[in-house]
Amino acid sequence: MIGAPMIKVANIMTNCRICGNKIDKFMTFGRMPLANGFLTEAQFKDEYFFELAPAFCESCHTFQIVDQPAPEAMFHGEYAFFSQTSRSMAVHFEAFAKDTMARRLGPQDPFVVELGSNDGIMLRHFAKAGIRHLGIEPSANVAEAARAQGVNTRCAFFGAETAREIMAEHGQADIIQAANVMCHIPDLKSVAEGVALLLKPDGLLIFEDPYLGDVIRKTSYDQIYDEHVYVFSAMSVARIFGAHGLELVAVEPQKTHGGSMRYVVGRKGRHAVEASVAAALADEKALGLDRPETYDQFRRDCEASRDGLMAALNDLAAQGKRVVGYGATSKSTTVTQYCGITPRHVEFISDTTPTKQGKCSPGAHIPVKPYDAFASNYPDVALLFAWNHAEEIFAKEDGFRAAGGRWLVYVPEVKFIP
Ligand code: DWN
């Protein structure tokens, strides 16, 4: 655990966080460190581990991890992830902000709140347009980065209490947005309560997160890690917010993070429910997201993916090939730890985030180096941990391919490119 108080408490759930039904893990990814717990050698001895094991609630169909480290252990003053490290995500968030402004925002002095506003990557567009806004961000360092760009930011976790404080200061919100945030919050009841308080009568909550349908279809098991306590579906979102007088009124699939879903939620009966909701629910039923057999199959798919990736990496090691990881993602912690990838397989991981460089990856302790280390001495193979940014990365890495380099990917299947 880096830069945070030594909180070793994990929240082990035997009951669903949403409906209270009994839950049990359907598989385990084993002993896991914090996904963003990049560390120095001196910190190896104090490294925090927990068991990463997902469960599916047979009653409300919410996919969740059983054991989660305390939020303060994961989100703190030295949080390693900054949204602005990917150009395509910056483009995506600008489009998200502009779509909200064009289609969802009323004309009269609207007020927009963003939960988990990170470094202000989305809210800065509202700030630029002169729209009243407030970001709620629990990690002090990223909140500061947002303020430096003129984005009003409060350093806090969001819940009913914070909602009351915001209302007292600014009034109710027209829009509450969140991107890749809701799935991080264990106490969603408090968030839904806060949303129900803070939203104007015709206001909307619009949020997006990695989509369970894509995780199951693509075996992208690396979306499961400490920070992602939930992986949502339309089924689970309808149920979670439905219990608080709110209703799912639209869903919009997104390409980001290997397949995400944007959910639009309003007060019950205040908005027409779009056809996209019924279509998504039918699609999820057809995919079996409400059936335990689907998750048994997912476990087998994860094992096959792990075996395929390790066969490829062991083969490369036996041939004496140089393999370098590309992107020290949070997701890669699940992959390295579950599969058993070590510095013997992957020499180092190249990453453009200064706070990760010079440290080692959590658990596997693979050194993280600046991009120059990759570009100045291309390896034989680059293991694409940042597979969700493949389009952006492939477009700028012609030189690596021209030098004979190959990509190794594992989502949706283990394969070499070209
Ligand atoms: O939900 C979450 C998502 C949105 O972001 C968080 N819990 C944490 C984080 O997850 P992640 O670390 O898996 O996200 P990314 O966007 O897949 O991380 C990409 C990593 O790769 C960053 O560390 C930056 C790096 N990178 C790079 O070195 N070169 C990225 C690109 C595009 C590049 O060209």
Side-chain angles (χ1 to χ4, degrees), residues 32 34-38 52 65 68-69 71 73-76 79-93 96 114-119 121-122 137-139 142 178-186 207-211 214-215 220-232 254-262 324-336 348-359 361-362 366 368-375 382-400 407 409-411:
M32 200 58 67
L34 302 178
N36 269 307
F38 295 89
L52 181 66
I65 57 173
Q68 195 197 29
M74 298 179 286
F75 310 110
H76 46 71
Y79 186 56
F81 181 74
F82 286 76
S83 295
Q84 285 171 21
T85 47
S86 154
R87 201 183 49 77
S88 55
M89 288 312 293
V91 171
H92 172 77
F93 287 126
F96 189 172
E114 187 182 353
L115 313 184
S117 44
N118 201 275
D119 49 16
I121 192 167
M122 179 148 60
E137 171 53 54
S139 294
V142 276
N180 305 308
V181 165
M182 215 58 99
C183 69
H184 296 71
I185 307 176
F207 71 96
E208 60 184 38
D209 278 299
Y211 180 53
D214 286 292
V215 169
S220 45
Y221 65 86
D222 56 352
Q223 287 293 2
I224 303 165
Y225 52 89
D226 55 354
E227 296 176 14
H228 288 182
V229 61
Y230 302 107
V231 186
F232 296 125
Q254 307 293 317
K255 281 191 186 153
T256 45
H257 291 295
S260 298
M261 189 65 90
R262 185 174 296 167
V324 164
Y326 198 107
T329 60
S330 321
K331 297 180 290 293
S332 65
T333 298
T334 299
V335 178
T336 52
F348 65 88
I349 306 175
S350 158
D351 197 286
T352 51
T353 316
T355 51
K356 297 181 184 178
Q357 296 161 359
K359 294 188 178 161
S361 71
I366 301 168
V368 180
K369 297 193 178 178
Y371 174 72
D372 267 4
F374 171 81
L383 176 56
L384 188 56
F385 288 130
W387 58 268
N388 47 312
H389 301 295
E391 217 173 285
E392 175 179 343
I393 291 170
F394 289 166
K396 67 184 173 194
E397 293 298 354
D398 281 350
F400 170 57
W407 295 98
V409 297
Y410 45 87
V411 176

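Whatever order the structure lists ligands and atoms in, that order sets their numbers, starting from 1.
In this structure, the separation between OG on S260 and CG on N388 is 9.0 Å, given to the nearest 0.5 Å. Within the model, atoms CE of M89 and CE of M122 stand 9.5 Å from one another, a figure rounded to the nearest 0.5 Å. Between E227 atom CD and I65 atom CD1 the span is 9.5 Å, to the nearest 0.5 Å.
In the candidate list T333, D226, D351, D351 is nearest to atom 21 (O) of ligand 1, counting heavy atoms. Closest to atom 34 (O) of ligand 1 by heavy atom, among E397, K396, E208, is K396. Nearest to atom 2 (C) of ligand 1 by heavy-atom distance, out of Y371, Y225, F385, W387, is Y225. Closest heavy-atom approach to atom 12 (O) of ligand 1 among the candidates S330, G258, A390, A328: S330.
Ring centers of F374 and Y326: under 6.0 Å apart, within the cut-off.
Proximity of R87 to ligand 1 is not established, as no heavy-atom distance is less than 4.0 Å. Using 4.0 Å as the threshold, K356 has a heavy atom nearer than that to some atom of ligand 1.
Each of the following atoms of ligand 1 lies closer than 4.0 Å to a heavy atom of N180: 1 (O), 4 (C). Set against the non-hydrogen atoms of N388, the atoms of ligand 1 under 4.0 Å away are 15 (P), 16 (O), 17 (O). Proximity to G327 (heavy-atom distance under 4.0 Å) selects the following atoms of ligand 1: 21 (O).
For T329, heavy-atom contacts with ligand 1 shorter than 4.0 Å involve the backbone as well as the side chain. Under 4.0 angstrom from ligand 1, the non-hydrogen atoms of E227 all belong to its side chain. Only the side chain of T353 comes within contact range of ligand 1, with a heavy atom under 4.0 Å; no backbone atom does. When non-hydrogen atoms are compared, ligand 1 lies under 4.0 Å from neither the backbone nor the side chain of M89.
Between F232 and F207, the ring-plane angle classifies as perpendicular under the 30° and 60° cut-offs.
The main-chain N or O of N118 is found under 3.5 Å from a side-chain atom of E137 such that the two form a donor-acceptor pair.
If you check the side chains of Q68 and H184, you find no donor sitting under 3.5 Å from an acceptor.
You'll find the side chain of I393 reaches within 4.5 Å of the side chain of L384, heavy atoms only.
When only interatomic distances are considered, the shortest N/O to N/O separation between H389 and ligand 1 falls below 3.5 Å. Below 3.5 Å of separation, one finds no N or O of N36 facing any N or O of ligand 1.
Cation-pi contact between K369 and F348: present, with separation from the ring centre below 6.0 Å and deviation from the ring axis of at most 45°.
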Requested in this report: Evaluate the criterion side chain to side chain donor-acceptor pair (under 3.5 Å) for residue pair N36 and S330; output intermediate values, then yes/no.
Outcome: CA-CA 5 Å; N36 269 307; S330 321; 3.0 Å; yes
